[in-house]
Amino acid sequence: MKIELGIPKGTRDFGPEQVAKRHYIMNHIREVFELFGYEPIETPAMELLSVLTGKYGEEGDQLLFRVLNSGDFLKDVSQEDIAKGAAHLANVICEKGLRYDLTVPFARYVVMHQHELAFPFKRYQMQPVWRGDSPQKGRYREFYQCDADVVGTDSLLCEAEIVLMITEVFRRLGIEDYTIKINHRELLRAMSEWIGAAGQEQALCVAIDKLDKIGQEGVVRELQERGFAQHQIEQLLPLFEVNGTYAEVLKHFAEQMKELASAKKAIEDLQAIQSLLEEASGQPLNTFPLMLDPTLARGLSYYTGAIFEVKVNNVAIGSVSGGGRYDNLTGTFGKEGLTGVGFSFGLDRLYDVMEALDLFPKDTRAGVDVMLVHFDAESRKGVLPLLQRLRGAGIKAELYPQADKIKKQMKYANKKGTPWVLLAGSEELQRQSVQLKNMHTGEQVEIAVDEVVGFLKQKLYNR
RNA sequence: GAGGUUGUAGCUCAGUUGGUUAGAGCGCCAGAUUGUGGCUCUGGAGGUCGCGGGUUCGAAUCCCGUCUUCCUCCCCA
């Protein structure tokens, strides 16, 4: 019987080469997170739907993958439930779902473990998340987020350090041309108040967020469709023509909206972030690729303060990182008064960016340094002690396991990109020596068994 | 959720207005080279043309459905 092979839509397999590259990115991110004092945690792939729902806005809830209850999931279903439709029924027969991001599970974790934690609590987390939207470029149904959050402090130093972490990770990865966009939810609120549309900032955000995609005319049309009056739109438009440096944009808004409390809060925060960033780094703000973008909105509904998004320039992939401050995410889990801020790298998009810009080093693959070829049972036995000596010395080594022809063994090593091959037949073993062949250059030397470790160490580490 | 696109050998793709036995390159296997990969030469294996139905004497080709791929919108990492 032949079964149909495949993997679910929007998921992918990763081969050794891809995994090596993914680890390369994750290792750099991990190092930077730890450098800034964040500690790792992990949480389950599944969360209770009661934890997940209602945190991501309406759209987000629809993109949740639900997990069917085990056993007889129909036993408590009534005709009434069925009549109420699929959306209702899903809540009856599913009580678990795959996590949609790492921030909400983190908030849940903090509340559940609050007595064990030292606040401010700084954690990082690199795990897959799942979203049920249709796959396309840079968009997957299963992808990894590399998330760093701190809860229990409203210090804007955290925001400044997020900028520092982003720039440090990008520096290490070799990504040079990128933009960190920053905005503030209160500034968006101020804008909606300013045009007399208080409470409609959600609709406003969705429309103006598209400015760079559909242009000003498109945004006007979008705003009209969403029920904004002509005079409101006209009042709004000049705000987006403001461009210039972070400080200039900030100054513009400070002058325009000084009488609004919401604007005041946003402006104070953004100014504080600027000076903290300058003080922490010892560099003026213009050395950072930071842009104050009043049209940046971000859909996740739990953000309340500064929001971030990072875009790599000249690569057609969506944002590779995003985040922001959320004032009361733990409140819904019963722990009031905890404010948090965090951000996340999208590993898979970073991977796509690195690939597009050809930024991966050539030797990320985790193969062995040397493969031992054997000729027969006798020579295999003779070479086995050497295998362990190599490994003992920290040299990655393997012995081709079965009795195939030399040609086939060599081919195997070549295909895996193994840089060195060690051959030892009865003649060499009798002389207490082996043949070492460099697979890149084709050069081969005969060398005493006792000198192999030293020789390879020198060749491998003194390049 | 809306629109478009793709599917033929392991991979990348040809395949004419529907017409004999569906092709190429790369890869794979074997040999040239019985203790040496990568280059070269020779030979070989490998396909239910995504799946289901329909039109036709005849379908990879036309029609319908379905799944899948990739892309755009929405939204996001």
Side-chain angles (χ1 to χ4, degrees), chain A residues 2 4-12 25 29 56-63 99-103 126-147 166 202 205-207 209-210 213-214 218 222 225-226 296-301 303 307-312 316-324 342-353 371 373-376 378-379 400 404-429 434-444 446:
Chain A
K2 193 176 172 182
E4 197 183 329
L5 293 181
I7 54 176
K9 188 199 265 249
T11 65
R12 291 142 315 141
I25 297 173
I29 293 174
Y56 308 109
E58 236 177 273
E59 290 263 353
D61 282 356
Q62 284 171 1
L63 299 180
R99 63 170 165 245
Y100 181 90
D101 72 356
L102 299 177
T103 308
M126 305 199 289
Q127 290 189 280
V129 303
W130 293 268
R131 295 182 188 177
D133 56 0
S134 60
Q136 51 183 282
K137 195 185 185 81
R139 170 167 308 193
Y140 309 99
R141 285 187 155 180
E142 178 184 55
F143 62 96
Y144 268 68
Q145 289 193 331
C146 306
D147 210 283
I166 292 169
Q202 201 73 25
C205 290
V206 171
D209 190 45
K210 295 182 208 163
K213 275 185 195 158
I214 57 179
E222 183 95 18
E225 281 165 19
R226 288 175 186 271
L296 174 66
R298 297 191 55 74
L300 295 179
S301 52
Y303 291 126
I307 47 182
F308 307 92
E309 197 161 285
V310 184
K311 174 88 182 65
V312 177
I317 288 168
S319 56
V320 294
S321 178
F343 76 114
S344 188
F345 288 108
L347 174 68
D348 306 77
R349 284 187 177 176
L350 272 178
Y351 182 102
D352 292 343
V353 164
M371 189 186 91
V373 164
H374 65 276
F375 298 82
D376 46 42
E378 190 74 11
S379 83
Y400 190 88
D404 283 324
K405 290 184 200 167
I406 307 304
K407 189 185 177 81
K408 188 157 181 183
Q409 301 186 41
M410 297 290 288
K411 231 175 163 134
Y412 178 78
N414 185 58
K415 199 166 179 176
K416 295 211 325 183
T418 306
W420 291 90
V421 163
L422 184 151
L423 307 98
S426 50
E427 293 168 30
E428 285 87 355
L429 287 173
V434 298
Q435 303 283 345
L436 260 182
K437 178 159 184 167
N438 181 313
M439 296 295 277
H440 300 309
T441 64
E443 284 166 36
Q444 182 170 321
E446 181 160 348

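Computed from heavy atoms alone, side chains included, the values below leave out hydrogens, waters and symmetry copies. Lettering follows sequence order; numbering is per chain, from 1.
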Taking atom [atom1] in both [N] and [M], what distance in whole Å separates the two?
{"N": "B:A14", "M": "B:G25", "atom1": "C1'", "value": "10 Å"}
{"N": "B:G53", "M": "B:A59", "atom1": "C1'", "value": "14 Å"}
{"N": "B:C29", "M": "B:U20", "atom1": "C1'", "value": "31 Å"}
{"N": "B:U61", "M": "B:G44", "atom1": "P", "value": "30 Å"}
{"N": "B:G27", "M": "B:C67", "atom1": "C1'", "value": "28 Å"}
{"N": "B:A22", "M": "B:C49", "atom1": "P", "value": "10 Å"}
{"N": "B:U69", "M": "B:C13", "atom1": "C1'", "value": "15 Å"}
{"N": "B:U5", "M": "B:A9", "atom1": "P", "value": "22 Å"}

Spacing of A:Gln145 atom CD and A:Ile29 atom CD1 [to the nearest 0.5 Å]: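 Answer for the CD-CD1 pair, A:Gln145 versus A:Ile29, is 11.0 Å.
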Stem segments of RNA chain B by first residue number [Watson-Crick or G-U, under 3.5 Å, at least 3]: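 Correct response: B:1-4 with B:70-73, B:10-13 with B:23-26, B:28-32 with B:40-44, B:50-54 with B:62-66.
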Residue whose closest nucleotide on RNA chain B lies nearer the 5' end, A:Gly346 versus A:Gln136: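 By nearest-heavy-atom nucleotide position, the 5'-most residue is A:Gln136.
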Sugar-phosphate only, base, or nothing, as touched by A:Tyr140 at under 4.0 Å among non-hydrogen atoms: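 Touches a base.
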Test ring pair (Phe, Tyr, Trp, His ring centres under 6.0 Å) applied to A:Tyr351 - qualifying residues, sequence neighbours left out: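 Partners of A:Tyr351 by the ring pair (Phe, Tyr, Trp, His ring centres under 6.0 Å) criterion, ordered by chain and then number, come out as A:Phe360.
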Charged N-O contact under 4.0 Å between A:Arg131 and A:Asp101: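 Not counted as a salt bridge, because no side-chain N and carboxylate O are separated by less than 4.0 Å.
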Charged N-O contact under 4.0 Å between A:Asp133 and A:Arg139: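 Here A:Asp133 pairs with A:Arg139 in a salt bridge, since their nearest N and O are under 4.0 Å apart.
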Residue A:Glu378 excluded, over 12 heavy atoms near CD under 6.0 Å: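 No, the 6.0 Å shell around CD holds no more than 12 heavy atoms from other groups.
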Distance under 6.0 Å and angle within 45° of ring axis: A:Arg12 vs A:Tyr140: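 Ring-cation test returns yes.
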Filtered N/O pairs between nucleotides 35-39 of chain B and protein, under 3.5 Å:
residue: B:G35; atom: O6; partner: A:Glu427; partner atom: OE2; Å: 3.2
residue: B:G35; atom: N1; partner: A:Glu428; partner atom: OE1; Å: 2.8
residue: B:G35; atom: N1; partner: A:Glu428; partner atom: OE2; Å: 3.0
residue: B:G35; atom: N2; partner: A:Glu428; partner atom: OE2; Å: 2.7
residue: B:U36; atom: O2; partner: A:Lys437; partner atom: NZ; Å: 3.1
residue: B:U36; atom: O2; partner: A:Gln444; partner atom: OE1; Å: 3.1
residue: B:U36; atom: N3; partner: A:Gln444; partner atom: OE1; Å: 2.9
residue: B:U36; atom: N3; partner: A:Gln444; partner atom: NE2; Å: 3.2
residue: B:U36; atom: O4; partner: A:Gln444; partner atom: NE2; Å: 2.9
residue: B:G37; atom: O2'; partner: A:Asn414; partner atom: ND2; Å: 3.2
residue: B:G37; atom: N7; partner: A:Lys437; partner atom: NZ; Å: 3.1
residue: B:G37; atom: N1; partner: A:Met439; partner atom: O; Å: 2.8
residue: B:G37; atom: N2; partner: A:Asn414; partner atom: OD1; Å: 3.0
residue: B:G37; atom: N2; partner: A:Met439; partner atom: O; Å: 2.3
residue: B:G37; atom: N3; partner: A:Asn414; partner atom: OD1; Å: 3.2
residue: B:G38; atom: O4'; partner: A:Asn414; partner atom: ND2; Å: 3.2

Nearest whole Å is fine: how far is [N] [atom2] from [X] [atom1]?
{"X": "A:Arg131", "N": "B:C74", "atom1": "CZ", "atom2": "C1'", "value": "14 Å"}
{"X": "A:Ile166", "N": "B:A77", "atom1": "CD1", "atom2": "P", "value": "13 Å"}
{"X": "A:Glu309", "N": "B:A77", "atom1": "CD", "atom2": "P", "value": "7 Å"}
{"X": "A:Leu63", "N": "B:C73", "atom1": "CG", "atom2": "P", "value": "16 Å"}
{"X": "A:Asp352", "N": "B:A77", "atom1": "CG", "atom2": "C1'", "value": "11 Å"}
{"X": "A:Asp101", "N": "B:A77", "atom1": "CG", "atom2": "P", "value": "8 Å"}
{"X": "A:Arg141", "N": "B:C75", "atom1": "CZ", "atom2": "P", "value": "19 Å"}
{"X": "A:Asp404", "N": "B:C29", "atom1": "CG", "atom2": "C1'", "value": "13 Å"}

Distance-only donor-acceptor check, side chains A:Gln435 and A:Glu428, under 3.5 Å: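 Judged by distance alone, the side chains do pair up.
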Intermediate values then yes/no, side chain to side chain contact (heavy atoms under 4.5 Å, CB included), A:Ser321 and A:Phe343: CA-CA 7 Å; A:Ser321 178; A:Phe343 76 114; 3.5 Å; yes
